[in-house]
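Order of the sequence lines sets the chain letters (A, B, ...), proteins ahead of strands, with each chain counted from 1.
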Number of protein chains: 2
Amino acid sequence: MTSVERPGRRPTIADIAAQAGVSPTAVSFALNDRPGISEQTRTRILAAVAELGWRPNVAARALGGRRADTVGLVVARPARTLGVEPFFAQLVSGLQARLSADRVALQLLVVEDVSAELDVYRRWAAERRTDGVVVLDLKQDDPRPEELARAGLPAVLVGGDGTPGPVPAVFADDHAAMIVLAEHLAALGHVHVGHVGGIPASIHSARRVAALHDTGARLGLTITTVPTDFSQDEAAAATRALLAHDERPTAIVYDSDVAALAGVTVLAEAGLSVPGDISVASFDDSALVRLAHPPLTAMTTDTFELGELVGQTVLSLVRGQAVPDVVGAPPPRLTVRGSTGRVPEVVA
Amino acid sequence: MTSVERPGRRPTIADIAAQAGVSPTAVSFALNDRPGISEQTRTRILAAVAELGWRPNVAARALGGRRADTVGLVVARPARTLGVEPFFAQLVSGLQARLSADRVALQLLVVEDVSAELDVYRRWAAERRTDGVVVLDLKQDDPRPEELARAGLPAVLVGGDGTPGPVPAVFADDHAAMIVLAEHLAALGHVHVGHVGGIPASIHSARRVAALHDTGARLGLTITTVPTDFSQDEAAAATRALLAHDERPTAIVYDSDVAALAGVTVLAEAGLSVPGDISVASFDDSALVRLAHPPLTAMTTDTFELGELVGQTVLSLVRGQAVPDVVGAPPPRLTVRGSTGRVPEVVA
DNA sequence: ACGCCCGACTAAAGCGCTTTAGCCGGATCA
DNA sequence: TGATCCGGCTAAAGCGCTTTAGTCGGGCGT
């Protein structure tokens with residue numbers, strides 16, 4: 001059995017002050033690079049800090065100083081479903097990397113639904129646990145931005161529709177990206193294109209559907225979208241539905257990497273070869289789609305980099321610096337791999 | 001542009017005390033369920049709390065009370081590689097779920113290597129940022145348990161070798177699990193079994209290798225282990241190496257789900273059918289291996305549940321309750337899917 | 001030679017909560 | 001009846017840091 005006891009108390013600013021022969025105030029000033037301390041004294045103080053191994057007590061700092069040096073991320077998803085798609089982990093890595101460069105911690109919370117998420121925001125704001133938060137998975141008419149603004153909790157949205165709102169957003173233009181993808185398929189001669197989409201209430205899903213259909217209309221494509229809840233099961237079912245469709249598509253676009261993988265499995269079971277019989281493209285790129293056989297054509301986003309950008313934005317925000325209402329992230333690029341090819345001759 | 005200003009100040013304990021007509025001390029006692037407050041007064045105080053919407057200021061609480069109500073998780077992996085395997089996200093979900101049930105926050109940090117990780121522990125211990133930490137990816141002769149014990153930072157290891165050390169560990173017996181898997185393959189008639197392993201320095205990889213080889217010796221199997229760094233590329237290369245081996249294995253065991261998926265792709269490219277020509281099993285189960293075609297036989301662990309158990313353990317620990325040196329987690333169970341079958345007749 | 005200013009530093013208050021001494025009055029006991 | 005006890009509550013001292021008022025002494029201007 002093991003139980004724990006903290007060792008002897010840590011040095012405080014008072015200890016350093018004593019060691020350096022100055023007042024605690026002088027130490028605080030020296031540590032925070034404020035004027036009024038001679039170079040000589042400052043050096044002496046820093047030496048004492050190093051010698052005693054002093055570290056700021058974050059709680060004390062937050063109490064006095066008003067900053068918790070912590071940013072929160074609340075994810076409203078069924079907890080057990082988290083973790084299949086690399087997107088989330090990649091984003092968190094990037095976010096975290098940017099934050100920790102500035103010694104700001106990332107606090108993570110997974111909740112069941114948006115209402116629980118709102119509770120958390122209210123609680124965090126009141127408890128002063130975090131200086132700001134990052135919000136994912138924007139929905140149509142999402143109540144969160146407004147609620148956050150009301151609670152006075154600085155926040156940064158990831159995604160959204162690219163229009164200014166009460167809370168700044170980091171926005172990657174997947175509308176434009178979807179157009180690129182549609183043009184790629186059109187160039188290969190595809191006319192009937194299937195689309196395994198996401199939850200219609202999700203803003204980015206809706207935007208993708210709109211982009212695909214608009215572009216389809218422009219280029220003379222027939223688009224069939226089947227919405228799903230992003231689960232593999234529904235993606236598989238959607239794929240079967242598309243195959244059974246009157247005008248069986250010669251290409252299918254999947255909104256996520258996981259969905260695409262599930263779809264490819266269905267195609268394999270149906271005895272269809274990719275891209276010989278049918279082309280497949282994923283809207284999300286990740287290590288997973290490279291695992292498929294053949295590797296999938298996809299729209300590539302550097303999600304890690306997106307996370308860093310989000311981190312940068314939230315840091316600026318909590319420091320009271322002005323932040324654009326919409327921060328543009330690099331748009332996804334088309335990465336052509338082996339899963340898309342010319343439309344099969346047979347059709348015509 | 002948006003910039004932020006916090007709204008009017010939050011109520012403090014003093015406000016509640018005034019509202020309820022008692023002293024701040026009485027409020028604190030009532031809030032912390034300490035004796036010496038009459039039921040009537042307590043009710044009045046709680047009413048005031050509700051009315052004013054008071055919330056504890058965590059910083060103040062940590063300053064006085066000595067507890068940060070935060071648990072840390074530091075992961076030493078190249079940040080960009082994080083997120084491919086569901087294991088991590090699942091574990092975090094479970095851990096987080098257990099912690100947040102007790103209003104304890106999870107702080108996440110990704111660092112480049114173990115030495116940076118140690119720095120973080122020292123810093124956190126000094127800053128009192130976290131009450132305890134969770135440690136993953138144990139290596140042989142890992143310096144972390146000892147260092148944590150020295151720093152006086154309560155910690156819980158995930159994995160390890162099942163022997164008591166300076167820090168309590170939550171341990172799932174993958175040794176036993178690997179034996180089950182080997183027996184499954186032996187029962188199907190396989191004799192030459194390939195094994196795509198992990199990093200030899202990793203404790204759990206080493207334990208799996210040992211288990212597999214021991215059982216192989218007992219059952220008369222020939223085991224060929226190829227170590228990898230857990231990456232897909234090396235897993236693919238290892239698979240090719242096994243196929244080129246003098247005694248080509250009739251079954252391959254992969255140490256991770258991602259590796260197995262990469263391997264299956266290689267097999268498909270080589271024109272081998274699974275399980276007709278070769279059987280495949282993954283040591284990690286996850287949504288991914290169910291995506292493969294055919295879905296893979298795997299050792300199933302409820303990683304979410306494991307995370308919850310880790311959370312429970314770390315909570316007990318930071319509360320000063322005694323914790324067993326080794327907490328047993330449910331052992332992985334064999335889930336037979338379509339990817340393992342009888343050894344092909346051709347051989348004989 | 002006197003008052004001023006300014007740089008360098010200190011004293012002390014305060015952030016919001018917990019906790020350790022008490023204090024006070026009524027019930028209990030001898 | 002007086003000493004004791006005890007439940008119910010308050011005063012006040014921290015926790016470690018930041019910040020706002022100074023203080024102090026020497027160089028400067030006149």
Worksheet item: Looking for any heavy atom pair under 4.0 Å, which part of the strands does Pro35(B) touch: base, sugar-phosphate only, or nothing?
Response: nothing

Fill in: Asp113(B) side-chain N/O to Ser115(B) backbone N/O, donor-acceptor pair under 3.5 Å
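Looks like yes, one N/O pair under 3.5 Å.
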
Worksheet item: Around atom CG of Asp141(A), are there more than 12 heavy atoms of other residues, nucleotides or ligands at under 6.0 Å?
Response: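 Open.
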
Worksheet entry | Distance test, side-chain N/O of Asn57(B) to OP1/OP2 of dC15(C), below 4.0 Å | no

Worksheet item: How close or far is atom P of dG7(D) from atom CD of Glu39(B), stated in whole angstroms?
Response: 15 Å

Item to complete: From the options dT18(D), dT19(D), dG16(D), select the nucleotide whose nearest atom is closest to the side chain of Ala60(A).
Response: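 Selected nucleotide (nearest to the side chain): dG16(D).
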
Worksheet item: OP1 or OP2 of dT18(D) sitting under 4.0 Å from any side-chain N/O of Arg34(A)?
Response: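 Answer is no, no contact under 4.0 Å.
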
Discussion item. dG16(D), OP1 or OP2 - any side-chain N/O from Arg61(A) closer than 4.0 Å?
Written reply: no

Worksheet item: Between the side chain of Asp131(A) and the main-chain N/O of Val71(A), is any donor-acceptor distance below 3.5 Å?
Response: no

Worksheet item: To the nearest Å, how far apart are Arg42(A) CZ and dC9(C) P?
Response: 10 Å

Fill in: Nearest-Å distance for atom pair CG/C1', residues Asn32(B) and dT20(C)
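Taking atom C1' of dT20(C) as the reference, CG of Asn32(B) is at 15 Å.
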
Worksheet item: Short question: side chain of Asn32(B), backbone of Phe29(B) - any donor-acceptor pair under 3.5 Å?
Response: no

Practice prompt. Answer yes or no: is there a donor N or O on one side and an acceptor on the other, between the side chain of Asp142(B) and the main chain of Lys139(B), under 3.5 Å?
Written response: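 Side chain of Asp142(B) to backbone of Lys139(B): a pair is present.
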
Practice prompt. Report the distance from atom CD1 of Ile13(A) to atom P of dG16(D), rounded to the nearest whole Å.
Written response: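 Whole-Å distance recorded here is 11 Å.
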
Discussion item. Let's see if you get this right: which residues in residues 20-28 of chain B place a heavy atom under 4.0 Å from DNA chain D?
Written reply: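 Within this stretch, Val22(B), Ser23(B), Thr25(B), Ala26(B) sit under 4.0 Å of the strand.
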
Worksheet item: Among dT19(C), dC15(C), dA8(C), which is the nearest nucleotide to the side chain of Phe29(B)?
Response: dT19(C)

Response to the item:
From the list Arg123(A), Arg144(A), Arg122(A), salt bridge (Lys or Arg N to Asp or Glu O under 4.0 Å) partner of Glu117(A) resolves to Arg144(A)

Worksheet item: Atom CZ of Arg128(A) and atom P of dC15(C): how far apart are they, to the nearest Å?
Response: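 So the two atoms are 13 Å apart, to the nearest Å.
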
Discussion item. Is the phosphate of dC9(C) approached by Thr41(A) (side-chain N or O, under 4.0 Å from OP1 or OP2)?
Written reply: yes

Worksheet item: Expressed in angstrom and rounded to an integer, what is the separation of Leu63(B) atom CG from dT19(C) atom C1'?
Response: 14 Å

Worksheet entry | Donor-acceptor pair between Thr41(B) and Ser38(B) side chains, under 3.5 angstrom | yes

Worksheet item: The side chain of Ser38(B) lies closest to which of these nucleotides: dC9(D), dC17(D), dT18(C)?
Response: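 Closest of the options to the side chain of Ser38(B): dC9(D).
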
Worksheet item: Could you state the CD1-P distance from Ile37(A) to dT19(D), rounded to the nearest angstrom?
Response: 14 Å

Discussion item. Just the rounded figure in Å: distance from C1' of dC17(D) to CG of Asp69(A).
Written reply: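 Computing the Asp69(A):CG to dC17(D):C1' distance gives 13 Å.
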
